[in-house]
Amino acid sequence: MQAFAELLDSLSFQPARNAKLRLIETYLRETPDPDRGWALAALTGGLDFAGAKPALLRSFGEDKIGAELFHLSYDYVGDLAETLALIWETDPNAGPPPSLGEVVETLQRATKMQTPAILKRWLDALDATGRWALLKLLTGALRVGVSARLAKQAVANIGHQPIAEVEEVWHGLSPPYRPLFDWLLADGPKPSSNMGGAFLSPMLANPIERAELDTLDPAHFRAEWKWDGIRVQVASTGGARRLYSRAGEDVSAAFPDIIEAIDFDGVFDGELLVRREETVAPFNDLQQRLNRKTVTPKMLKEHPAHVRLYDVLWLDGQDLRTLSFDERRARLEAWMAAKPRQRFDLSPLVRFTDWAHLAGLREGMREEGIEGLMLKRGDSPYLAGRPKGPWFKWKRDPMLADCVMMYAQRGHGKRSSFYSDYTFGCWRDASDGTRELAPVGKAYFGFTDEELRWLDKWVRDHTTNRFGPVREVEPRLVLEVAFDGVARSTRHKSGVSLRFPRINRIRTDKPATEADTVDNLLRLVP
Amino acid sequence: MATDTLNLGSLNPRSWLYPTPRGLYCAPGDFYIDPAVAVPRAVITHGHGDHARPGHRNALATPETLAIMRARFQDMPDTQQQALKYGESLRIGEVEASLVPAGHILGSAQAVLEYKGQRIVVSGDFKRRPDPTCPPFEPVPCDVFITEATFALPVFHHPSDAGEIGKLLRSLQTFPERTHLVGVYALGKCQRVIKLLRAAGYDKRIWLHGGLASLCALYQKHGIDFGDIALVSDAVLETFKGSIVLCPPSAIADRWSRRFFDPIPAMASGWMGVRARARQRGAELPLIISDHADWTELTQTLKDVGAPKVWVTHGREEALVHYARSIGIEAEALHLVGREEENEA
Ligand SMILES: [Zn+2]
Ligand SMILES: [Zn+2]
């Protein structure tokens, strides 16, 4: 438990992806079975036991130091699990701290009544970091910035395997994953693959611009609309039905309407959308349904989910990924034609003669819910990863707005001495009749290294206030911000939120008073 | 030093030692303790900026604290300096004063004041765990104990120094190519972290930001051995890959830090025990190393000195006052100017 606690602790402070990978890899290599397997389950969201409720933690704390002191402590720390971990003191007579395996296996067997006594014994035996990790585990909120995919990447790295290999076998395995570690670290056999709704590593596209298209032969390519939803994989194999995000996160629980509609055996790529009648709802509607563990009937009714399919990877027990795109497409169309499918339809091919023709179609397509075009070589097999050449995305030109920099924050790792994250705002009328800036978004990319140095210096020279790592700056610098969409937002003070904002240009030529207004942005809301 | 002095009946201690806008004032001795502004006569507990200020006409402190003040305040030619060694006592006006080790930093002392058979101890800043750069805190039985309260919440239980240094050394093993940039306060923390690294067996060169040089040299003059240390600014063709570099906390965010390869910003401070605080300071490797007493040390000290009255100042008074009252001590918060923000923690 102590080693796992130190891992979580380091992960929670280390923002860089590569550093997180290194930490997980080191832990997995140095920790014996079954602890490392349980840790992997914890990081990939694969642990399931009755947790501890906040009320229990609060009562523990109040019993320990009294309500008054506990209240002052919680008030200062701001996180219940952390507060309890800090105020509790290690009892030198409590015996050795539990291993992670002991914790998980005990909790899986323990009844609700037994949990408090067990928990107290462990809190006595662990140190503050150990207690924090234990309580995070019990309250079901690790929040250390590690996705399931990142954890699987670390697993793949220790065995020098591509992540696709790990993902293929993943869903045939269960914690503590002994056969997986035997295979990766001890010359054991590769576990059997694609059983029970495995996630298959997706094939990804590279961005392309109009000018580059002229180097390609249009006859080799097929075009599809690029839908403004979420790329998903529908996996129904070995009796298991699952819906995955592009990163391999299992999002089935949030979309029971999709899962219920699966009455077939196969693995498909498609775009997850909210669809009412025949129209695709704005991306914002889909966002309402994401990141929810449970969905209400009302949500299901008002935000019905739908998957627009564009590729088939497995069908009726057969792996189709070595077939060409054209062959897979033919199989997909035939399959769709055989039977109408609720909640699934086909993303149509866009017919075109040459690039100029396609460019015209792209210009003409102003319909909501389309981000641009996908171009796929007709003869390309389905290759995991982002191979150069077969697939391209040709996005719609971004929207632009002139915004004023308001705050800047230091970055992480290589950027930790640079003010590299910028909050920018647009003008609106204040209640007293004057004009004020309201923050509309935050961006930390889009600029070159040289521009970053320039921006960093500008921030340092124009700071008016400091709050920890954040500096407030004079509202004088205009940034041209590019973004892919605008939506109304109750979370933002300005009432709008931008999709994928990035710094397009630094407009030193433009006075801040001439920057855009919040109203201008609201006009772009579909 | 008088001994049997538990004498509260006749004399109100607040009548002869009390806060004023210039700082804590001792009337029968006509001097201030750690005043916030320049005064005619000051007793200084230790060299940190919120306690030791320049410009006093007379300053009384330990020889080490006076040396630190001279190093920080251009030699202080206009201040009459009076050195008082630990354990020696001196009469100032009608008051008997002595300085006793506080275990906080080099030269740090508690001010022990006696007047008409009553004894008040002003703790200054203190800690109870061993520190290789200064003698340990000595509890002095007294009638009134004026305690600091920087970390006076039950959430502050500083872990062992060796464990925290171990975290730094383990990180060096995991990321052997990255520079470990450790933010430390120039006075006290810097020197203690170097000594702790040496005690943990780290014998490679430790690099220092220029702003740490003069106080390290002063510690060396007082007989403290740091092993191989060198200034970053003197390095030629040094990549700093996998090395430990100490710097003032502000330098981590400064352009100065760009010379290092993919640095890991670490920070050695008692505040690192609370995650939100560590994040706020941009620490990716927080090290909980403090020169102040934690909750256990504070409450233990109240028991050790046995004072029936405790005045709490300098930090989070509320919790400690609450605790002291719960064990039958007459406790109150004492609000002193110039101590709102404790930085050197
Ligand atoms: Zn101090
Ligand atoms: Zn202080």
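Letters A, B, ... mirror the listed sequences (proteins, then strands); counts begin at 1. Because the structure is a prediction, the values reported are computed rather than measured.
Heavy-atom pairs under 4.5 Å with chain B peak, among A/Asp9, A/Ile65, A/Val470, A/Thr83, at A/Asp9. When B/His322, B/Gln173, B/His157, B/Arg275 are compared by the number of non-hydrogen pairs under 4.5 Å with chain A, B/Arg275 comes out ahead. Taking chain B as the reference chain and counting heavy-atom pairs below 4.5 Å, the highest number among A/Thr26, A/Asp456, A/Thr129 is found for A/Asp456. Most heavy-atom pairs under 4.5 Å with chain A: of the set B/Arg255, B/Arg258, B/Lys167, this distinction falls to B/Arg258. The residue among A/Ser12, A/Ser10, A/Ala128 with the most heavy atom pairs within less than 4.5 Å of chain B is A/Ser12.
With a 4.5 angstrom heavy-atom cutoff, A/Thr90 does not touch chain B via any of its atoms. Of the two parts of A/Ala85, neither the backbone nor the side chain holds a non-hydrogen atom closer than 4.5 Å to a non-hydrogen atom of chain B. Neither the backbone nor the side chain of A/Asp127 comes within contact range of chain B, judged by heavy atoms closer than 4.5 Å. In this structure, the portion of A/Glu89 lying under 4.5 Å from any heavy atom of chain B is its side chain and not its backbone. B/Thr296 touches chain A through its side chain: at least one heavy atom from C-beta onward sits under 4.5 Å away, while N, CA, C and O do not. Interface residue B/Ala283: only backbone heavy atoms are found under 4.5 Å from chain A. For B/Leu181, no part sits under 4.5 Å from any heavy atom of chain A, backbone or side chain.
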Checklist line | CA sep, side-chain torsions, deciding dist, call: B/Asp291, B/Arg129, salt bridge (charged side-chain N to carboxylate O under 4.0 Å, His left out) | finding: CA-CA 9 Å; B/Asp291 283 328; B/Arg129 60 191 66 203; over 6 Å; no
**Request:** Let me see the working for B/His104 and B/His48 under ring pair (Phe, Tyr, Trp, His ring centres under 6.0 Å), right down to the final yes or no.
**Result:** CA-CA 10 Å; B/His104 175 55; B/His48 277 148; 4.9 Å; yes
- Message: Run A/Asp91 and A/Arg121 through salt bridge (charged side-chain N to carboxylate O under 4.0 Å, His left out) and show every step you take.
- Response: CA-CA 9 Å; A/Asp91 177 356; A/Arg121 204 176 66 227; over 6 Å; no
Let's go through B/Asp294 and B/Arg128 carefully: what are the C-alpha distance in whole Å and the side-chain angles of both, what is the deciding distance for salt bridge (charged side-chain N to carboxylate O under 4.0 Å, His left out) to 0.1 Å, and is it a yes or a no? CA-CA 9 Å; B/Asp294 67 6; B/Arg128 302 297 301 269; over 6 Å; no
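Pairing each heavy atom of A/Leu7 with each of A/Leu23, the nearest pair is CD1-O, 3.5 Å.
The ring pair (Phe, Tyr, Trp, His ring centres under 6.0 Å) analysis of residues 234-265 of chain B, with sequence neighbours excluded, yields the pairs B/Trp207-B/Phe240, B/His209-B/Trp256, B/Phe240-B/Phe260, B/Trp256-B/Phe260.
Under the 6.0 Å cut-off for aromatic ring centres, A/Tyr422 and A/Phe447 qualify, their centroids lying closer than that.
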Can you give the donor-acceptor pairs under 3.5 Å from side chains of residues 72-80 of chain A to other protein atoms, not counting sequence neighbours?
residue	atom	partner	partner atom	Å
A/Ser73	OG	A/Leu69	O	2.8
A/Tyr76	OH	B/Arg277	NH1	2.8
A/Asp79	OD1	A/Ala81	N	3.2
A/Asp79	OD1	A/Glu82	N	2.8
A/Asp79	OD2	A/Lys136	NZ	3.2

